[in-house]
Each structure stands twice: as structure tokens, then as C-alpha cells.
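To start, the structure itself, in C-alpha cells.
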Amino acid sequence: MPEKTGKFNFPYDPKKVEHEIYTRWEKSGFFNPDNLPQRHTEPYSIVLPPPNVTGTLHMGHAAMLAIEDILIRFERMRGKRTLWLPGTDHAAIATQSKVEEILSKKEKTTRHALGREAFLKRVNEFAQESHDTIVSQVKKMGSSVDWSREAYTLDEARHHAVYVAFKKMYDAGLISQGKRIVNWDPKGQTVISDDEIIYMEEKAKFYYFTYGPFTIGTARPETKFADKYVVIHPDDVRYAEYEHGQTLEVEWINGPITATVIKDASVNPEFGTGAMTITPWHSAVDFEMAERHGLKGERIIDTYGKLLPIAGEFTGMKIKDAREKIVEKLAAKGLLVKADENYVHNVATAERTGAVIEPQVMKQWFVAVTKEFTIPYSEIPGILSGSRTTLKDIMRKAVESGATRIMPERFEKVYFHWIDNLRDWCISRQIWFGHRIPVWYRGNEIYCDVIPPEGEGWEQDPDTLDTWFSSGLWTFSTLGWPEHTKDLVAYHPTAVLETGYDILFFWVARMVLMSGFHLGTVPFKNVYLHGLVRDEKGRKMSKSLGNIIDPVDMIEKYGADATRLSLIIGAAPGNDTKLSEERVRGYKHFANKIWNIARFVLENGASADNVITQEEDKKLIEEFDAVARRTTAHIEAFRLDLAADALYHFVWHRFADILIEESKPILRGDDANAKHSRRAALFALLVGSLKLLHPFMPFITEEIYAGISLPDKKLLMIEEWPAKQT
RNA sequence: GGGCACAUAGCUCAGUGGUAGAGCGUCUCGUUGACAUCGAGAAGGCCAGAGGUUCGAUACCUCUUGUGCCCACCA
């Protein structure tokens with residue numbers, strides 16, 4: 001009877017072993033590439049997309065951690081000097097609004113009541129708590145990140161990098177202050193960028209008013225007080241009798257005004273009556289039109305969404321309340337022609353606060369994306385060192401040239417399309433949590449530098465930077481830039497940036513911009529975009545739907561390995577994944593299967609002492625080698641889903657169901673040679689399978705491997721990958 | 001308005017120029033020595049529709065329909 005190896009007699013219990021295994025890995029020091037054995041030479045790096053310190057990790061984060069850990073563990077076993085650099089993101093506006101929400105709900109107070117300093121203390125406390133939770137969750141997933149290099153977008157080193165970056169771009173003339181029309185969030189009391197806007201479909205009333213000889217259409221009567229320009233298309237025959245620049249006396253909301261006729265080709269003659277009035281201060285399109293013709297605009301709405309004194313009797317009213325009243329007044333004056341009740345349009349809302357965006361003309365800081373500058377050094381194909389270029393050009397060429405490859409490829413088109421429509425990036429925010437803008441004022445003097453100016457009377461700009469400004473530097477600020485560090489030389493550009501397709505523009509493009517400008521290189525060679533993790537019905541997971549599956553719950557119940565596999569198999573790059581608890585449970589079964597394979601093989605006396613002598617056993621090894629090569633090819637092609645699926649199939653339905661079953665009679669038979677050889681084959685298959693499975697299921701494979709006796713055995717995480725070439 | 005995808009077994013999805021695969025589910029049978037967190041087997045698909053290219057198309061091209069997403073936004 002075969003000897004019983006006690007350890008394998010019990011069902012596999014991930015909960016018992018996972019924490020201990022992670023500690024073993026951490027203690028080994030091998031997460032840090034500096035400690036890897038000599039065979040690990042060629043650097044390979046991934047920076048972890050830093051989770052926001054706004055709370056806890058969700059399944060999307062878990063998928064990200066699983067994918068990146070697979071790539072890192074795979075390359076580490078292949079002998080690369082792997083660095084996976086972790087960190088967290090202060091997430092400026094997201095974190096600030098979260099804390100403000102807590103303050104208003106639980107303590108009935110506001111940030112203004114607390115004051116800047118006290119409020120920031122609260123935010124930092126909150127951020128610290130979130131950080132600690134996130135770190136523990138990252139560990140639970142088995143992520144082999146180098147904690148010794150952990151970074152935070154708001155820590156000292158990153159703060160320095162942000163200031164240096166700002167200063168350099170300021171000096172190059174790419175960052176400047178400008179009075180332009182911006183997206184004002186009246187609830188958040190800050191400006192936000194174009195990308196932070198969500199358009200919501202809304203049914204509204206569309207009014208037609210008499211405006212002198214014209215009938216004009218509008219959905220926003222409350223902005224019309226200062227409308228002194230009536231715009232028509234130059235070729236519109238209905239209005240041919242009116243000249244561009246002609247003035248007319250018209251009766252309007254608060255009495256007669258002088259209106260000027262403007263002819264502009266951007267007017268759509270098909271829409272409404274083909275005649276409109278414009279409000280340059282509160283509409284981006286109107287603002288541009290006004291700029292074209294040198295028209296004056298007036299401010300009508302304040303930063304709280306209330307009407308200014310220009311509104312006369314309506315002064316101080318909220319725009320929503322004022323709307324009906326103004327229509328009533330116009331109707332009373334006989335100027336209302338009709339109202340269309342079924343007008344559907346898209347209204348811009350703020351991503352964070354949900355408030356309706358009120359365009360305003362304000363002085364803000366911008367990054368110029370189409371302004372030419374001389375790039376001192378460039379490795380980006382198509383952009384020569386010392387040549388004139390633009391940030392937009394850098395972003396385009398980086399991907400166009402193939403220096404950065406986006407997967408799946410279809411997102412490259414999306415990326416180009418976005419770049420073509422890109423406007424200057426507004427980077428100042430009127431919030432407190434974040435990197436304060438490194439600019440100081442004294443009277444008419446302005447000073448920009450990494451260190452504050454000397455002398456009396458200087459006031460620092462109260463605004464902070466868009467969170468994506470600091471995350472744009474992430475691939476190199478984490479490696480010690482602006483210092484010319486060893487890490488920076490070895491690990492930049494990084495190998496892969498793996499993230500959700502939803503932040504392609506926010507983040508990926510900004511990193512390309514920043515790395516291109518500051519280093520003259522791309523930030524990463526590959527962009528791997530994963531999909532969203534949805535529930536089993538394909539809905540987004542959300543609190544209100546109550547369909548959130550918590551990764552920590554799944555790990556507690558089924559183990560990290562099963563959780564990882566459920567997020568990998570069936571998840572092609574860029575495609576959304578549907579996850580259900582059933583699936584996770586299914587992969588727990590698979591973990592148990594692996595456990596029992598090991599138990600069978602080891603209990604039947606297989607060990608490193610056996611030698612393969614039989615022809616059919618050699619064939620088994622060949623079969624395994626083919627599986628190893630196929631797995632390797634899939635991972636190299638970033639098809640982790642296919643790699644994992646192929647392994648799952650081989651291990652369960654080939655190794656367990658067929659090879660082991662066929663081995664039983666041999667192992668119980670009388671042919672000593674056959675028995676010996678088959679033991680060797682099963683042993684080789686077991687050890688090989690553990691290696692192939694390790695990147696996907698690191699815990700159980702490491703645990704089984706620990707129970708096997710082998711000469712020169714190391715931790716499985718640094719053992720050699722079975723397939724040398726594909 | 002512009003663009004990008006997707007449509008394959010009940011469900012979730014692979015796939016390839018040579019008339020289809022997996023997992024889960026369903027059904028039947030089996031099994032006290034690796035594992036019931038199991039095994040063997042079965043049923044189940046005009047590969048969305050139409051046309052074209054080809055000796056041959058689920059796969060390549062065009063159109064149609066349906067679904068999802070992104071961008072822009074017209075007062």
C-alpha cells in the first residue's frame with residue numbers, strides 16, 4: 001500500500017494557507033527585483049494603476065490584480081527581473097467629495113465651516129484608512145508587488161515630481177493661465193475637464209419667442225437677458241434682407257434693447273427657425289462664435305447658479321425657478337410664440353456630483369495640446385530630438401508608430417478619434433485636496449517654481465491640480481524621476497500598462513503626453529485594456545442594484561485562486577465579463593481537483609527518483625511540452641483567458657480524467673519497469689502542471705509544491721518556466 | 001450626427017477558408033481507495049438575415065436587422 005503523505009489527506013482549504021503563503025513570499029524578498037537570483041537579468045516592469053483612496057477594492061480591481069500578477073509571475077519564472085510597483089491615488093475630487101458627503105450627512109457640517117487645514121486633515125485620515133484597506137486587499141489577491149517601492153500620488157516624492165513637471169511645462173509655454181469658457185460644477189464649486197462630463201438625455205420645453213422681426217428658439221430663456229446678437233446662416237434666404245452687423249431695436253425681457261445681426265455658418269438653418277440669439281458667457285458654442293466675430297459677452301449666472309443683477313427683477317433667483325417666471329413675463333408681453341413640450345436634448349452633468357454643468361468664462365490653468373514647442377530629446381518614432389512638435393502630435397505618433405501598442409487593437413481607433421477632437425486640458429480645480437498649483441502672486445507679479453518665492457507678500461494660487469496631472473506622471477514619478485535613478489533607467493518605459501478601457505482617455509493618453517514631454521519616450525510598450533466586471537445578467541455592479549460581489553467575500557469563501565480564475569477565463573481583452581458566485585465556486589472545485597491530483601500522484605510513490613523508460617511515458621511528456629508551449633504562446637499574446645482555459649482543460653480532463661485513470665492498472669500491476677516509468681511521468685506532469693498553473697493560481701500551487709521533495713527546490717514563484725521557447 | 005464593436009448549443013463564451021467546440025445547466029447511467037468539490041455518456045446549433053468572392057464561408061466583402069459602447073452636440 002502506498003504511503004500516506006498526511007498533508008494531502010484533507011480537502012484543500014485556502015483560508016488556512018493563503019495568508020501564510022503570502023507571508024512566505026514577502027519574506028523571501030523576491031517581490032523586489034533587486035533580490036532575485038542571478039538568472040533574472042532582463043528588466044520587466046509594470047506599474048500598478050493606483051486605486052483611488054476612496055474606499056475599498058471592487059471586482060474590477062481584482063481582475064486587474066489577477067491579470068497583472070499573471071504577467072509578472074510568468075515573466076519572473078521565465079527569468080526576467082520583474083518589478084511590479086504598487087501605489088495608491090489621492091484622486092483629488094473623488095476623495096474630497098466623498099469626505100464632504102460624510103461631513104454633511106453624519107456631522108451636518110461643511111468643508112468651509114472646518115476651514116482648509118482642518119478639512120484636509122480629515123481627508124488625509126480618510127485616505128489613510130482607505131489605503132490600509134486597499135493594501136490588505138491587494139495582498140489577499142496574492143499580488144506579487146514590490147511593497148518596498150510603494151508610492152502615493154500625493155506623497156513627498158510625487159509632490160516634487162508634480163512641481164518639477166508643472167514648472168517645466170510652464171517654462172515651455174505649454175501651461176498657461178487663460179480666461180476661457182470652462183465647465184463649472186455649481187454643486188462641487190469647481191471647474192472640471194471635458195472628460196469629467198456625462199451627458200444625460202433630458203426632455204425639456206423648447207420655446208419660441210419674438211425677437212424683433214425674428215422668431216428665435218431656445219431651451220434656456222433664463223440666460224437670454226443679455227442676448228444682444230441674433231445669429232443666422234449666411235445663405236438662409238428667409239433672412240437675406242438682413243445684413244451682417246446691422247442693428248435693430250427690439251423689445252425684450254426687461255425692455256427695449258439694441259440687437260446686432262450676425263451671420264455665421266455654424267448655425268443650422270434646419271433647426272428651430274434658423275435664427276438664434278447667443279449667450280457667450282454661458283455656452284461653449286456661443287463663446288466660440290463670439291470669439292470669431294469679436295462680440296462682447298456678459299455674465300448672467302453666478303457660481304451658485306443664481307441670476308446676477310442684470311436679470312433685474314429676477315436677480316438672485318435660481319435658474320430653474322426663474323425659467324418659468326421669465327417665460328410668463330415674455331408671454332404677458334406677447335412675445336411668446338409657442339412652446340414645444342417634447343424637445344429632447346442632452347444636458348451636461350458633472351461625473352462626481354451629478355450637478356448640471358453651468359458653462360462660465362473663468363480664468364483657469366490650461367495645458368496647450370496644439371501649441372508648438374521644441375522637444376529637446378525624443379525616442380518616439382516620427383518625432384526627432386530638437387524638432388518642433390505638439391503634445392497632440394506626441395500622443396498620436398506614440399501609438400501610430402507602434403511604439404505603444406493598444407490591445408485590443410480597435411481601441412487605437414477610439415484613441416485617435418479622441419485625440420483629433422481634443423481641446424486644451426483644463427488642469428486647475430477649485431478644491432482643496434490635491435497638489436496646490438506651484439504659482440505665487442504679488443500684485444501684478446507672478447512666480448512659478450518648485451520652491452516658494454522669497455520675500456514678503458506672496459500668495460500661492462488657491463487652486464489644486466486635476467488628479468490626472470499627477471497620475472499622468474505615474475510611470476516615471478514612481479521610479480524616482482526627476483532624479484536620473486537606476487530604476488528609471490532599468491524599468492522605463494514599462495512593459496505593460498494594464499487598465500480598464502474606461503480610463504483610456506483620462507489616464508492612458510495623459511501618461512503618453514507626460515512621458516513624451518518630460519522624457520521623450522513612451523510610458524509603456526503595451527496597453528492591455530480589460531473590460532468591466534458585470535453581474536451574471538450583464539448589469540453593472542452597483543450599490544443601488546444590490547448586485548455587488550465583493551472580492552474579499554469570494555476569497556474568504558472560495559479562495560484567492562478560484563477568484564482569480566473566475567475573472568480570467570472567458571474574459572477576452574477589452575470585453576466585459578459576467579461574474580456570478582457559481583463561477584467562482586466552479587473554480588474552487590478545480591483547485592480541489594488539483595489538490596487531489598497531487599495527492600494521488602504522491603501517494604502512489606511518484607518522486608524525483610523515478611526515471612522515464614517507457615515509450616508511452618515519453619509521449620506523455622511530449623504532450624505536456626506541447627501544452628506548455630501553447631500556454632506560453634497564449635500568455636505572450638496577452639490571451640490569458642485562452643491560456644487559463646487550455647490549462648484547465650488539460651489538467652482536469654486530460655491529466656486527471658484520462659492519464660491518471662489509465663495509470664491505475666499500471667501502478668497496481670506487476671511490471672516493475674512500467675510502474676517505475678509511469679511514476680516518473682506522473683511526477684513530471686504534476687511538477688510541470690504546477691509551474692504552468694502557478695501564475696494563475698499561485699497559492700495552491702505553491703502549497704502543493706512545498707509538500708514535494710525535489711533536489712535544489714526553491715519557492716515555486718522563482719522556479720523556471722517549463723517552456724523555453726514557443 | 002460621427003465612429004467602434006458584437007450577434008455561434010438553454011446560459012456564458014472560444015474558434016477556424018474545408019459543412020462546429022468548451023464550461024455551466026439539463027437528462028441517463030455509474031462509483032466504499034486521488035477527488036461526490038466525482039466519473040462515463042446523451043440530448044441540444046439552417047454559426048442573426050440577404051447578397052457577393054471562392055471548388056467550398058460560421059469565418060473574407062457589401063447591405064439589412066437587432067444589441068452594446070464611445071465621441072460630438074444644435075441654440
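From a predicted model like this one, the values you see are computed outputs, not experimental measurements. Below, chains carry the letters A, B, ... as their sequence lines are ordered, and counting in each starts from 1.
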Look at all strands and tell whether [X] reaches a base, only sugar-phosphate, or nothing, counting heavy atoms closer than 4.0 Å.
X        : result
A:Ala656 : base
A:Tyr199 : base
A:Ile569 : nothing
A:Asp286 : nothing
A:Lys664 : base
A:Val601 : nothing

- Query: Distance-only, no hydrogens or angles: does the A:Asp535 side chain make a donor-acceptor pair with backbone N or O of A:Ile548 under 3.5 Å?
  - Reply: no
Below 4.0 angstrom from OP1 or OP2 of [N], is there any side-chain N or O of [X]?
X        : N      : answer
A:His649 : B:rA14 : no
A:His589 : B:rC38 : yes
A:Arg585 : B:rG23 : no

Just how far, in rounded Å, is [atom2] of [N] from [atom1] of [X]?
X        : N      : atom1 : atom2 : value
A:Asp535 : B:rU12 : CG    : P     : 12 Å
A:Arg599 : B:rC38 : CZ    : P     : 14 Å
A:Tyr12  : B:rU37 : OH    : P     : 18 Å
A:Asn268 : B:rC73 : CG    : P     : 15 Å
A:Tyr501 : B:rC6  : OH    : P     : 14 Å
A:Leu602 : B:rG33 : CG    : P     : 19 Å
A:Ile597 : B:rG39 : CD1   : C1'   : 14 Å
A:Leu685 : B:rA34 : CG    : C1'   : 15 Å

- Query: Hey, what's the ring geometry for A:Tyr528 with A:Phe638, parallel, tilted or perpendicular (30° and 60° as the breaks)?
  - Reply: tilted
Quiz question: going by heavy-atom distance under 3.5 Å, is there a donor-acceptor pair between the base of [N] and the side chain of [X]?
X        : N      : result
A:Lys413 : B:rC4  : no
A:Glu661 : B:rA40 : no
A:Asn592 : B:rC35 : no

- Task: Could you tell me if the ring centre of A:Phe214 sits under 6.0 Å from that of A:Tyr239?
- Result: yes
Taking only the side-chain heavy atoms of [X] (C-beta and beyond), determine which of [options] contains the nearest atom.
X        : options                : answer
A:Tyr648 : B:rC74, B:rU37, B:rC24 : B:rC24
A:Asn596 : B:rA34, B:rA40, B:rU37 : B:rA34
A:Arg668 : B:rG23, B:rG33, B:rC70 : B:rG33
A:Lys578 : B:rC35, B:rA72, B:rC13 : B:rC13
A:Phe271 : B:rC74, B:rA14, B:rG23 : B:rC74
A:Arg410 : B:rU37, B:rA5, B:rC71  : B:rA5
A:Trp652 : B:rC70, B:rC4, B:rC38  : B:rC38

- For A:Trp418, the option from A:Phe505, A:Phe411, A:Phe506 that meets ring pair (Phe, Tyr, Trp, His ring centres under 6.0 Å): A:Phe505
- Item | Working for salt bridge (charged side-chain N to carboxylate O under 4.0 Å, His left out), residues A:Lys16 and A:Glu703 | CA-CA 11 Å; A:Lys16 263 194 193 151; A:Glu703 178 63 12; over 6 Å; no
